[in-house]
Amino acid sequence: MDLATLNTPQREAVTHVAGPLLVLAGAGSGKTRVITFRIAQLLKTGVDPRHIAALTFTNKAAGEMRERVGEILGNKSQANKLTMGTFHSLGLQILKEERKALGFPRGFVIYDTSDQLGVIREILRRLRDGDRRYDVKAILSRISLAKNSFISPDEYSIGEGDEYDEITAEVYGKYQSALKNFAAVDFEDLITEVVHLFENNEDVRARWGAKYRFLMVDEYQDTNRAQLMMIRALISGSNNLCCVGDDDQSIYSWRGADTGNILGFEKMFPGAKVVKLEQNYRSTPNILEAANAVIGHNTDRYGKTLWSAHKPGQNITHVIAPDPGIESRFVAQEIDKMCKDEQWSWKDFAVLYRSNLQAKGIEEEFREKQIPYKMFGGQQFFERKEVKDLIAYLRVSLNPRDEIALRRVLNYPARGIGATTVERLTSFAAGHQMPLWNGIVRVGELDGIRPGIKSAISEFTELINKLGIAIESGSPVVAQTRDLMEKIGLIDDLRSAAPSNKAAQQRIDNVEAFLASLGRHEVKKPGKSALLEYLRNLSLDSNDDEDKEVGNSVTMTTLHGSKGLEFPVVFLIGWEEELLPHARTLMPQAMDIMDMDHVADVSEERRLAYVGITRAQKVLYISRSVARIVRGKQVPRTLSRFLTEIPSELIDERDIEDELQTPVEAEELSSFFANFASQLDD
């Protein structure tokens, strides 16, 4: 390990040992290098690897970090002894080891987002007779924010005239009770329950504080209050904390991230050392100067000035299009032209936008020109229906109290168990104060249900019981799952339900891919407890960032989704007021209550613009439309204030109004305006 390869601030951060340290790592400044070198340095000075924990926000980032530490040390066994993972994975580890102190059952499950939404839908169905006015995602968002702020259902306050606060107040307590009844926890519980445990049990807190003598946190600007409290409890025995982050890249307030955690670091951790990493190794100086100019308009920040030793590079191209259609056509044609004329590869390009709604036009143009692309923000592999169905069968076999999984498979594939029957079973179970599974098992006690349906229910319970017994006895899980698939006719159902043979085969391939994944895990860790661990980790992974490997394709993603990525050529589209910054931040009083995603203030929108600019390494295009169709009418657009904050000497304007029109289009436009003028004369 050669510390001479580090620049001065990087070396200062790496060699700091005792006490709190905040590393303000500007975009492209080598923060991962600092974290991995610092861990390697601690190990070289004799620190036991079992006393080091490094927390980040994705399992992929943690895995890459562990691999790089092993490479630096030339000793992978040392790196494998480190605790490296997400906050949620560490929270799960603590909950598993301390479940008795928490009163958790051995087989508790983790509900991912789709499971959580399922719980809320069922509560709404019972509360409001399935009232579809409410967006369950908006309710879940409020519950999650409340839990991360340690606001209990009894303490939840209702804003004046806010119907979503009212319905959330009704749902929240019932949601918590449902999780307990189902022997389930959600993502927030993986952190908040740990914090509650540490607060209420001094011995447990002391034990975990003694275990980790050095704690490192990546992407610290993205932490919420609950994660901060977990951090403080974990370092209570040592105070050796190193946090790496960038307040200028804090863009997730809508999911609870609190910029106060990083901005108030020195007050919360007295005596803290602060190191700024400002040398950028990614982008040209012209791009960095534009980024510095934009973010400099935010006042509540530490303040950094990114710089680079690279050559200045070319100016930013400001593209002015008459409408989004021509904007999209320009992007596609420019990428196509650069690949053919300048020897770029498709994977060198990214198109970034504020809202997924902006992607449609780009997609259409890419398809038209046969440009390969990959768009992020779609459905995750383990969220696909056919995969979720198989997972649900396994979950019920391990934990019949898991009502969300049970409801999913009770009539899948179809057994004739309709909604009316399920409602009767639910009412019967509730009336006897027992889980739904118990009510299903006792279906013979219910009058008015046809013998054929009772028989189908009995066959279902027998199927689940046999699967559970087989797994309990140590029978290979993959073999048992294939046997289950055959018994329920899963493959035949996938073929008959698919709109085409190609779609059917894709679904079957997804099932096979899941079985292969399950098989790889089973080889490493066979048995029931290993299966439970695998299913829990799947739930954690579903909350993780998706794998952004693109092959040789153009990347399409939102500005939020682009964080952590970099590309030689970047197109930032739709830089207009009400798109960036978004209308919801400019007119929050007019915000649609049904759409709570990505709500922030203008300062956060500016940070989002900064993130977009700093994704570009060599070439940057920023485009906007002069007009857009809004509710059927053409509406003039104003250029984004963030565009005006970039010094004019860094920008080359390119008005493409006439550039992309064919002769026919130009003739049609000329005729239109001539007719329009004659009508005015008349």
**Message:** Test your reading of the model: is there a side-chain donor-acceptor pair from Asp336 to the backbone of Ala332, 3.5 Å cut-off?
**Reply:** no
Sub-3.5 Å donor-acceptor pair from the side chain of Ser640 to the main-chain atoms of Phe642, do we have one? yes
Check: Ile295 main-chain N/O paired with Asn298 side-chain donor or acceptor under 3.5 Å
no
- Please check if the side chain of Asp222 supplies one atom and the backbone of Ala257 the other of a donor-acceptor pair under 3.5 Å. no
Smallest heavy-atom separation, Phe87 atom then Ile191 atom, equals O-CD1, 3.6 Å
_Does Gln634, at its CD atom, have more than 12 non-hydrogen atoms belonging to other residues, nucleotides or ligands within less than 6.0 Å?_
no
message: Between Asn148 and Arg225 (side chain of the first, backbone of the second, donor and acceptor by atom type, cut-off under 3.5 Å), is there such a pair?
response: no
Salt bridge present between Asp48 and Arg213 (N-O < 4.0 angstrom) = no
Sorted by chain and residue number, the salt bridge (charged side-chain N to carboxylate O under 4.0 Å, His left out) partners of Arg641 (sequence neighbours excluded) come out as Glu577
Salt bridge check: are Glu71 and Arg68 linked by an N-O gap of less than 4.0 Å? no
Worksheet entry | Check: Thr223 side chain, Tyr220 main-chain N or O, donor-acceptor pair, under 3.5 Å | yes
**Prompt:** Among side-chain atoms of Glu327 and Ser623, is any donor-acceptor pair under 3.5 angstrom?
**Reply:** yes
The side chain to side chain contact (heavy atoms under 4.5 Å, CB included) partners of Pro9 (sequence neighbours excluded) come to Asn7, Val275, Leu277
message: A side-chain contact here means heavy atoms from C-beta on lying under 4.5 Å apart; do Ile335 and Lys369 qualify?
response: no
Residues passing the side-chain hydrogen bond (donor to acceptor under 3.5 Å, both in side chains) test with Trp344, sequence neighbours excluded, are Glu342
Throw together a table of side-chain donor-acceptor distances under 3.5 angstrom for residues 317-324, partners on residues two or more places apart or in other chains.
{"residue": "His318", "atom": "NE2", "partner": "Arg624", "partner atom": "NE", "Å": "2.9"}
{"residue": "Asp323", "atom": "OD1", "partner": "Gly325", "partner atom": "N", "Å": "2.9"}
{"residue": "Asp323", "atom": "OD1", "partner": "Ile326", "partner atom": "N", "Å": "2.8"}

key: Under 3.5 Å donor-acceptor, Asn286 side chain and Leu650 backbone   = no
Quiz prompt | Residue pair Phe57 / Asp218, side-chain heavy-atom distance below 4.5 Å | solution = no
Taken to the nearest 0.5 Å, the spacing of Met338 CE from Tyr621 OH works out to 4.5 Å
Closer than 3.5 angstrom, by distance alone: can the side chain of Asn280 be matched with the main-chain N or O of Ala27 as a donor-acceptor pair?
yes
Would you call Arg329 and Glu368 a salt bridge, using N to O less than 4.0 angstrom? no
For residues 351-370, the ring pair (Phe, Tyr, Trp, His ring centres under 6.0 Å) pairs (sequence neighbours left out) are Phe366-Tyr373
With Asp248 as partner, the option from Arg607, Arg606, Lys304 fulfilling side-chain hydrogen bond (donor to acceptor under 3.5 Å, both in side chains) is Lys304
Tell me whether the rings of Phe571 and Phe330 are parallel (<30°), tilted (30 to 60°) or perpendicular (>60°). perpendicular
Practice task
Would you check if Phe265 and Leu24 make a side-chain contact, meaning some heavy-atom pair closer than 4.5 Å?
Solution key: no
Legend entry - Any donor-acceptor pair under 3.5 Å from Ser355 side chain to Gln358 backbone: no
Quiz item: Is a side-chain donor-acceptor pair under 3.5 Å present for Tyr302 with Glu266?
Solution: yes
### Query
Are the charged groups of Asp246 and Lys31 less than 4.0 angstrom apart, N to O?
no
Heavy-atom nearest pair, Ile35 first then Met65, reads CG2-SD, 3.6 Å
Requested in this report: Compute the centroid of each ring, for Phe349 and then for Phe567, and state whether the two points are separated by less than 6.0 Å.
Outcome: no
Residues Arg628 and Glu578 bridged, charged N to O under 4.0 Å = no
Requested in this report: Determine the interplanar angle of the Tyr252 and Trp254 rings, folded into 0 to 90°, and report it as parallel if under 30°, tilted if 30 to 60°, perpendicular if over 60°.
Outcome: perpendicular
Does any part of the side chain of Leu43, heavy atoms only, come nearer than 4.5 Å to the side chain of Asn75, both counted from C-beta? no
Inset, instruction - Report yes if the side chains of Leu228 and Asp258 come closer than 4.5 Å at any heavy-atom pair, otherwise no. - result: no
Residue pairs passing the side chain to side chain donor-acceptor pair (under 3.5 Å) test with at least one member in residues 10-28, sequence neighbours excluded, are Glu12-Lys273
